[in-house]
Amino acid sequence: MIRRPILPALLLLTGSLVAQTPRGTLVMAVRQEPVAPVPYIGPSTAGNADVADQLFLRLATLGSGARTTGDDALVPELAQRWIRRDARTVDFLLDPRARWHDGVPVSAADVTFAWDLIRTPVLGVDQAPYELIDSVLALDARTVRVRFRRPSAEQVYTAGFLLQPLPRHLIGTLPADSLGSSAFARGPVGNGPFRFVRRVPGSSVELRAVPDFFLGTPGLRRLVFRLIGSTDAQVNALLAGETDVMAEVPVTALDRVAARRDLRMVLTPGSFITYVLFNAKAPGNPDTEHPILAEQRVRRALALALDRSAIAERAFGPGTQTPTAVRSQAWYWVGGGQASGAADTAAARRLLAEAGWVDRDGDGIRDRDGTPLELGIIYPVQSSVFAGIAVQLEQAWRRVGVRARLEAIDGAVWIQRRRVGQFDVDIAGAYQDPSPSSLAQSWSCTSAAQPGSSNVGHWCDPEFDRLRTTATTGPDPVAGFRAMFARMANWQPAVVAGAPPGRVAVHTRYENVVLRPSKPWTALWQWRVRPSAMLPRDR
Amino acid sequence: MIGWVLRRTAAAVALVVLGTIVLVVLVHLLPGDPLTAIIGDRAIDPAARDALAARWGIGRPLPTVVADFLRNALHGDLGTSLAEQRPVATILRERLGPTILLGGTTLLVNFTVGLFLGTWSALHPESRRARAIGAISLATYTIPAFVIGLGLVWLGAIALPWFPAGGASDPLLDPEAGLVAVLLDRAHHLALPLLTMVLATIAVPIRQQRSAALETAHAAWVVAARARGVAPRRVAWQHVWRPALSPVITLLGLWLPMLVSGAVFVEAVFAWPGIGSLLATATAQRDIPLVIGTGVVVILLVQVGSLLADILQRLLDPVQRTA
């Protein structure tokens, strides 16, 4: 009778001791050098963001369901809880245990300081995601009051997930335009589960676990981010055992990774999407309708001519979806339609003929009023995936009498041509924000009229805008978002060429592997190395 | 001789200045948004865009840009990288070590082993070994360096995990590790990139030296030396090899810039943190200050290499030395 309770107690004691001692190393490759891994003030690169996500917490983070609507959608991080005061006001109460890595408590002033930085033009932070926030005030050392411009189901998400406090006591006196080059940017002091240790220029960044991290002891002792710019080199480093994880494993390497016993593939709902964007306006002239693509029947015909499933699978491998609206897998919680996939060339031909595009001179290319049905497709020459998609578009559209002119251009020139709308058709890719509301940044009438916005195709559909607004103000946001997607699918400003899953190759020695949608590495501190499988670098 | 060296140095300095001016102008004429390095393809409102442009001095008249750059460069200030928001000179200093290590050892191997093999092939033109040296070096020369690199990574780092697949050092190496451990680590990481570079390029010095030595082997002074009964080894290395060095020295001068820009693909395959990959990334991102800074280093190396080659040739050639 006595022995029974002792054994579990001993096991519990041992377990808690193990949990309190971070052990193990994780080496990950990054494409860009994390030279200033600090939110808002460092260059906006994936390398900086991956490291910053380990150093700096948000007020709240997405739950396992990835939902962004409702006051209960998010999980507390720096904010212990939040209290709704009225339809436009939410108070966030900071966790009193939260500390900067120099020991100073995280305060409400750090939140208002970050808000001030976000609105500083010289830092170039995109304002569109914060459009809902009216003001951020410190009521006392621990309480932040956020006022919103209008009622919305995404108020807590907007303030909680998008605001990342920065230490005012360390950088509050520095001029905003010197923050990016400051000593703080080179060696940040954060508040997350890992602290900055060192950067070896051109090579790596090392972080160490914060043993007394207020949300729990990290399971890993050390994180190392290695700068490996090329995808091939990243695959080689993974296969050679020099890195432990790799996100976005290319389709060409899937077999080699699958053949390895020490690696396993973890699939997550990916936030990346590739789409074929039609320009609503004449190239370079936002005041004139596009002579071909402004007509919905033509856009639908071009979409129907494509075997989207084949294009998607060839570009991104199995598991890639072809949704009817421009939405990545990360918005799986909303649901919504998938394209049938296969091409319907007969329907495409019929629609083009109905629109007056007929091959009158017998050269295989349709024409109308003496103008051939010819479109230029731009894409960055650096992307072999986009180049492959462009070739498939050209072949598919030629079968229905459309001539496509492929224009592979240098990446920087491609960005510039997109910005000024100098294209007919553009092959684009994007990592979508966690909220479907973010579609407004690229597809709303407001963004169409705003110079410098992401709406480079100048798409404007008042009904789509109305649906987007009512989605976050109505009683059922999910149904609202679905209606918004359906409207977009019918409107057809673009065709999705592939919404791939997030494929992360992970070494089998890790357990408790948690990958969050949109920000997969934010739960890295919960990973552990199985004691029996430790490598020398884990000890 | 000293007067000639001073005149030649002055000409080199003038060429560096001229080359820098042309470089600054050409880089500013590149198509693409100069703010790409900072904002990428993100949306940005016009006010923020204007503030960024003003902050980074974008949109100033070209003559002002050129004058400012030259003035600052004289004080060692090559500007600030847009993408990294750090001084270009600092970034270049950080990358110079790995660049010199890989490029320098490549030159060292090419111009020792390569010259020896080239001379030896010339002295034994009909031997099987000489034919094998020619065939193998030519074969590896025709294969793109990145293909050789990928093959070596597969063989030497994945199939037979003897060498690291990439990087110039082990990021997990204890920062307090001793000098021997650090040197061994560097050598370990250098092995595959160096072998790739050597295999891809050694054919040039071998063939250059071989043809120069073949030409010299039939020169009158060599015939005379043989007739005098000079030992064959001495004929080979004193009467044939030394005069045949002249074209190879020119080649060495021209190859110095390869230290910086010749290893772009190899650096990409091996994630080697050199200046070549830095230049490629900076150009793709339109990080104009970094492109210009790196370009100036290349111009300097071209001029220094050319100057050193000229001086060496003059020292080696008694006719030129006394002219």
Side-chain angles (χ1 to χ4, degrees), chain A residues 25 27 29 32-33 35-36 42-45 120-128 177 180-181 185-186 198 200-204 206 222 224-230 232-234 236-237 239-242 382 410-416 418-419 428 441-442 447 450-455 537, chain B residues 30-52 54-55 80-87 90-91 94-95 98 146 150 153-154 157-158 161 164-172 175 267-274 277-278 281 283-286:
Chain A
T25 294
V27 185
Q32 301 98 357
E33 185 158 12
V35 287
S44 176
T45 64
T120 305
V122 76
L123 294 178
V125 178
D126 183 11
Q127 299 297 300
D177 62 358
S181 52
R186 306 290 164 241
R198 63 173 178 151
V200 180
S203 174
S204 62
E206 182 178 334
R222 174 170 64 163
V224 175
F225 295 84
R226 280 188 60 179
L227 174 63
I228 305 179
S230 121
D232 286 336
Q234 286 199 1
N236 287 337
L239 296 176
E242 291 170 24
Q382 287 89 347
D410 175 68
V413 180
W414 173 70
I415 289 172
Q416 190 179 33
R418 295 188 82 228
R419 230 184 259 291
Q441 295 165 27
S442 301
S447 59
Q450 191 178 16
S453 80
S454 307
N455 192 347
R537 64 177 178 241
Chain B
L30 276 176
D33 186 346
L35 281 176
T36 300
I38 300 175
I39 57 176
D41 61 351
R42 277 187 298 133
I44 185 166
D45 62 71
R49 189 184 175 78
D50 292 347
L52 279 175
R55 157 82 176 86
T80 304
S81 157
L82 301 180
E84 298 200 14
Q85 301 188 10
R86 296 194 300 144
T90 305
I91 298 170
E94 290 170 358
R95 299 290 187 120
F146 74 92
L150 286 173
V153 168
W154 177 82
I158 297 173
S169 60
D170 182 358
L172 302 174
E267 287 181 11
V269 169
F270 291 100
W272 189 265
S277 54
L278 184 74
T281 308
T283 307
Q285 289 182 326
R286 294 296 187 274

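Side chains are part of it too, since the values below use all heavy atoms of this structure and drop only hydrogens, waters and symmetry mates. Every chain is numbered from 1, with letters handed out A, B, ... down the list of sequences. Keep in mind that what you see is a predicted model, and the values were worked out from it rather than measured.
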**Message:** Given heavy-atom pairs under 4.5 angstrom as the criterion, report whether the side chain, backbone, both or neither of B:Val269 touches chain A.
**Reply:** backbone
**Item:** Side-chain heavy-atom pair B:Arg95, B:Pro273 within 4.5 angstrom cut-off
**Value:** yes
**Prompt:** Between B:Ala268, B:Pro98, B:Gly167, B:Gly166, which residue shows the highest count of heavy-atom pairs closer than 4.5 Å to chain A?
**Reply:** B:Gly166
**Between A:Leu239, A:Val224, A:Asn236, A:Ile228, the one whose heavy-atom pairs under 4.5 Å with chain B are most numerous** = A:Asn236
**Request:** Heavy-atom distances under 4.5 Å only: say whether B:Ala83 touches chain A with side chain, backbone, both or neither.
**Result:** backbone
**Side chain, backbone, both or neither of B:Leu278 within contact of chain A (heavy atoms, under 4.5 Å)** = neither
**Message:** Is A:Asp177 close to chain B through its backbone or its side chain, or both, or neither, when contacts mean heavy atoms under 4.5 Å?
**Reply:** both
**A:Glu33 versus chain B, the contacting section by heavy-atom distance below 4.5 Å** = side chain
**Asked** At a heavy-atom separation under 4.5 Å, does B:Pro161 approach chain A through its side chain, its backbone, both, or neither?
**Response** neither
**Fill in**
Turns out that what part of A:Val35 lies under 4.5 Å from chain B's heavy atoms comes down to side chain
**Asked** Do the side chains of A:Arg419 and B:Thr36 get nearer than 4.5 Å, heavy atoms only?
**Response** no
**Segment of A:Ser447 engaging chain B (4.5 angstrom heavy-atom cut-off)** = neither
**Message:** With a 4.5 angstrom heavy-atom cut-off, is it the side chain or the backbone of A:Val125 that approaches chain B, or both, or neither?
**Reply:** backbone
**Prompt:** Any donor and acceptor pair, going by atom type alone, linking the side chain of A:Glu242 with main-chain N or O of B:Ala165 inside 3.5 Å?
**Reply:** yes
**Prompt:** Looking only at side chains, do A:Thr25 and A:Arg222 share a donor and an acceptor under 3.5 Å apart?
**Reply:** yes
